[in-house]
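Read the structure below first, then the notes.
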Amino acid sequence: MTKKITVIRGDGIGPEIMDATLHVLEALGAGLSYEEVDAGLVALEKHGELLPQATLDSIRRNGVALKSPLTTPVGEGFSSINVALRRHFDLYANVRPAKSFPNTRSRFPSGVDLITVRENTEGAYIGEGQAISEDGEVATLTQKITRKGSERIVRYAFDLARATGRKKVTAVHKANILKTTSGLFLKVAREVATQYPEIEFNEMIVDNTCMQLVMRPEQFDIIVTTNLFGDIISDLCAGLVGGLGLAPGANIGKDAAIFEAVHGSAPDIAGKGIANPCALLLGAAQMLDHIGQPQNAERLRKAIIATLEARDSLTPDLGGTGTTMGFAKAIASRV
Ligand code: NAI
Ligand code: MG
């Protein structure tokens with residue numbers, strides 16, 4: 001049976017890395033069909049809006065989307081399309097794996113294999129109650145953490161550990177200082193942890209976590225944390241394993257999930273055919289896991305690793321001279 005996926009080709013390097021990704025998915029024989037819809041700058045030009053209703057309808061219908069980066073125009077009245085999508089579909093779990101790959105410029109060519117599970121819908125990050133006094137001297141912001149929001153994200157992290165055979169969940173917080181908000185998150189995390197006795201539970205203060213990640217990243221397995229801490233920590237983790245060209249992310253809710261690369265539309269290299277397609281490909285691997293095709297996900301990841309190991313057709317960001325499609329073909333030949 002073919003599973004239908006919403007495909008958003010996006011802006012800048014988006015169409016190039018999407019072509020490359022769909023080429024590899026074809027070689028995998030994953031039995032997918034695609035419904036292409038627009039979002040971002042290209043949608044603004046074609047339909048007069050950044051996030052057309054038809055795009056939202058498609059994601060709701062199919063429940064799964066593979067999305068290239070979108071350019072949010074700079075200027076008054078434009079807010080992030082990615083944030084809008086997360087909010088619209090209540091995509092509460094932002095799941096970002098970081099795993100060492102061979103032949104990258106990473107300082108940790110082996111030993112890192114962790115997943116950051118970031119709460120995606122509440123906390124300081126969403127900018128609730130932002131205000132600035134009339135004289136411009138005082139700025140304020142409300143930070144709201146709920147039991148429901150904390151419980152579902154911590155549960156997601158433990159369920160992910162169970163499903164993937166991972167052994168440890170670390171809750172990252174600042175409850176020593178932010179006693180109410182971070183305190184509630186930590187309290188709920190401790191409660192949920194008791195329901196998963198076979199999985200080790202660990203708690204760590206966020207500033208120490210940053211140092212530990214840089215000094216000894218191999219000690220981490222799954223990290224679960226609130227929105228703003230997760231935003232920062234997951235980029236730190238991408239940096240541990242070779243940077244943006246290799247960092248995928250999933251935004252997962254009850255009724256829909258969107259899989260993407262973490263990087264943006266890279267206008268500086270758009271149209272040149274040299275963007276690294278790996279981040280979106282790894283996002284596609286997360287998508288295959290999500291739709292019940294873990295074997296295909298594993299085949300895809302192994303083909304990427306084998307291609308990196310062989311240094312076959314690598315793009316310039318990885319020190320090669322290859323093209324986006326050439327790299328994709330090298331990966332496709334190994335699936
Ligand atoms: P960016 O991630 O697009 O680029 C940063 C640097 O990394 C650039 O030098 C770029 O060439 C390089 N780079 C990024 N992806 C690459 C790849 N696959 N292969 C090789 N090199 C790569 O970040 P920037 O420049 O801050 O943002 C550009 C646009 O992207 C903005 O309009 C921003 O709003 C949008 N953006 C969209 C995101 C999304 O849709 N998920 C996420 C981040 C930014
Ligand atoms: Mg970020």
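Index from 1, following the sequence. All values derive from a computational prediction rather than experimental measurement. For ligands, and for the atoms within them, numbers begin at 1 and follow the listed sequence.
- Residues passing the side chain to side chain donor-acceptor pair (under 3.5 Å) test with His47, sequence neighbours excluded: Asp38.
- In this structure, a donor-acceptor pair under 3.5 Å is absent between the side chains of Glu122 and Asn227.
- At a threshold of 4.0 Å, the pair Asp317-Arg105 does not count as salt-bridged, since none of the basic side-chain nitrogens sits closer than that to a carboxylate oxygen.
- Among protein residues, Ile13, Lys67, Pro69, Leu70, Thr71, Thr72, Asn82, Leu244, Glu260, Val262, His263, Gly264, Ser265, Ala266, Pro267, Asp268, Ile269, Ala275, Asn276, Asp317 come within 4.0 Å of ligand 1, judged on heavy atoms.
- Under 4.0 Å is where a charged nitrogen must lie from a carboxylate oxygen, and between Asp221 and Lys167 no such pair does.
- In this structure His290 satisfies the ring-ring contact (aromatic ring centres under 6.0 Å, His included) test together with Phe259, sequence neighbours excluded.
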Would you list the atom pairs, donor with acceptor, under 3.5 Å between side chains in residues 318-325 and any protein atom, with sequence neighbours excluded?
from	atom 1	to	atom 2	distance (Å)
Thr323	OG1	Gly326	N	2.9
Thr324	OG1	Gly273	O	3.2
Thr324	OG1	Ile274	N	3.4
Thr324	OG1	Ala275	N	2.9
Thr324	OG1	Ala275	O	2.7

